Amino acid sequence: AADAGKRLDKELARVEKDTTTPATGKAGTIFGVASMYHYGGRPDLARPLFDKGIAVYEAEAARMAKANPKDPMIPSTLGLLGMMLKNLEQWDRAEAAVTRAIAADEALPYNHGGSSWYATLSDIKRGQNKPREALALLDKAEAWLVRSAGERYRSTYNTMKAMVLGELGEHAKAIPLLDAYIDNLRKTMGKRHPTVGSMLYMLATQYLQAGQAGKAEVILDESLDIAESDLALTLSTGNESDHAVYFTRNAYVLDTAINL
């Protein structure tokens, strides 16, 4: 872990000194490293990097808007700014940034009047405890994606919808969405793919919360079987750092199995 931290710090130092890397590129690297620390349980290391990245993105968004209000890079710059603010749970500032990103995105002629940032705003609405608004945005995101990319993307946001519906206690609506998503994953990735196992775990959780422990147990058995194979592969190919990351990320599965 210490070696990984040193490598990340070295990469940050290199990018910040590189005069050929644009400001948005530097901010993207800062965001990536900050996110690793954030999701790796080191908020003390993530926070100053998020603050630095936010300052860069804000300055760049202002510069772009002044130079060319139709700059196609404005939506992504504002969207990434919003994601950093979201990670810091600065919900109102995040909402403002992503709302601006969506408006700029919708105005681009090749986006068919839509935006790839609806789902991010939906996640922010969840953080603001506005689940119905979050669901409406996911419906909007799905409709735009299907319209612009095709029917095969219909289930893309099913997991996000299911999480919101689960929080609302509407498990009967969430379960069919997860079933459809898992069916698509099995067809595209294979029945034993780790992602299938993760989604089965989510489905089992929905059944458990709906009071159907028997159904949840059957599905969780399949999820654990896939996870066991994935664990064996990780242990046989990864190093100690990989093993630690794996156990940190997947401990919730074992906790659920024990408490079922």
Side-chain angles (χ1 to χ4, degrees), residues 28 31-32 35 39 72-80 82-83 86 98-99 101-126 131-168 170-207 209-210 215-216 218-220 222-227 229-230 233 249-250 253:
F31 182 28
S35 296
Y39 293 109
M73 290 299 296
I74 289 176
S76 61
T77 301
L78 288 169
L80 290 168
M83 289 180 69
K86 177 177 74 72
V98 177
T99 298
I102 289 171
D105 220 12
E106 290 175 337
L108 294 175
Y110 48 78
N111 273 350
H112 306 283
S115 172
S116 60
W117 293 102
Y118 295 136
T120 302
L121 184 56
S122 171
D123 210 21
I124 292 167
K125 293 294 184 180
R126 285 180 67 198
R132 295 298 177 189
E133 291 183 35
L135 279 174
L137 282 161
L138 291 174
D139 286 338
K140 192 173 184 178
E142 179 186 282
W144 172 74
L145 187 58
V146 170
R147 186 171 70 249
S148 58
E151 186 64 32
R152 65 186 182 278
Y153 293 99
R154 172 72 64 183
S155 65
T156 298
Y157 298 105
N158 279 19
T159 58
M160 295 181 70
K161 289 183 179 181
M163 284 190 288
V164 179
L165 289 166
E167 291 167 0
L168 289 168
E170 298 180 11
H171 305 292
K173 293 181 180 179
I175 287 169
L177 293 176
L178 289 175
D179 278 332
Y181 189 75
I182 291 168
D183 183 58
N184 186 55
L185 284 178
R186 284 173 168 151
K187 291 175 182 176
T188 56
M189 294 184 170
K191 296 180 179 180
R192 303 285 298 175
H193 194 278
T195 305
V196 173
S198 297
M199 292 301 102
L200 285 168
Y201 168 81
M202 185 180 293
L203 179 61
T205 301
Q206 290 285 350
Y207 274 111
Q209 292 173 346
K215 184 70 172 179
V218 171
I219 296 170
L220 187 60
E222 184 180 355
S223 175
L224 289 172
D225 187 49
I226 295 172
S229 298
D230 189 36
L233 178 62
R249 289 178 177 174
N250 295 281
V253 178

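Just so you know, these numbers come straight off a predicted model, no measurement behind them.
- Rounding to the nearest 0.5 angstrom, the gap separating the CG atom in L145 from the CZ atom in R152 is 9.0 Å.
- Of the possible donor and acceptor atoms, none in the side chain of D105 sits under 3.5 Å from a partner among the backbone N and O of N111.
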Name every donor-acceptor pair, under 3.5 Å, that has one atom in a side chain of residues 177-186 and the other anywhere in the protein, sequence neighbours excluded.
{"residue": "D183", "atom": "OD2", "partner": "K187", "partner atom": "NZ", "Å": "3.2"}
{"residue": "R186", "atom": "NH2", "partner": "E222", "partner atom": "OE1", "Å": "3.4"}
{"residue": "R186", "atom": "NH2", "partner": "E222", "partner atom": "OE2", "Å": "2.9"}

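- Nearest heavy atoms, L168 versus P131: CD2-CG, 3.5 Å.
- Taking the side chain as every heavy atom from C-beta outward, D225 and R192 approach each other to under 4.5 Å.
- Considering only heavy atoms from C-beta on, M83 comes within 4.5 Å of W117 through its side chain.
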Next on the checklist: Walk me through whether Y157 and K140 qualify under side-chain contact (heavy atoms from CB on, under 4.5 Å).
Outcome noted: CA-CA 10 Å; Y157 298 105; K140 192 173 184 178; over 6 Å; no
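- Distance NZ/K125 to CG/L137: 7.0 Å, rounded to 0.5 Å.
- Here the closest non-hydrogen pair linking A174 and G166 is CB-N, 4.4 Å.
- A distance of 9.0 Å separates CZ in R126 from CG in L138, rounded to the nearest 0.5 Å.
- For H112 (side chain) and G114 (main-chain N/O), no donor-acceptor pair under 3.5 Å exists by modelled atom type.
- The CG atom of L108 sits 9.0 Å away from the CD1 atom of I74 when rounded to the nearest 0.5 Å.
- Separating the CG atom in L200 from the OG atom in S223 is a distance of 5.5 Å, to the nearest 0.5 Å.
- Within the model, atoms CG of D139 and NZ of K161 stand 4.0 Å from one another, a figure rounded to the nearest 0.5 Å.
- Across V98 and G82, no two heavy atoms sit closer than the pair CG2-CA, 3.7 Å.
- For the residue pair A134 and V164, the shortest heavy atom distance occurs at CB-CG2, 4.4 Å.
- Side chain of S122 to main chain of Y118: no donor-acceptor pair is present (N/O by atom type, distance under 3.5 Å, no hydrogens or angles).
- Comment: R132 engages E170 in a salt bridge, judged by a side-chain N to carboxylate O separation of less than 4.0 angstrom.
- Listed here is the closest heavy atom pair of A101 and G79: CB-N, 3.6 Å.
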Next on the checklist: For I226 and K191: C-alpha separation, side-chain torsions, deciding distance, then whether side-chain contact (heavy atoms from CB on, under 4.5 Å) applies.
Outcome noted: CA-CA 9 Å; I226 295 172; K191 296 180 179 180; over 6 Å; no
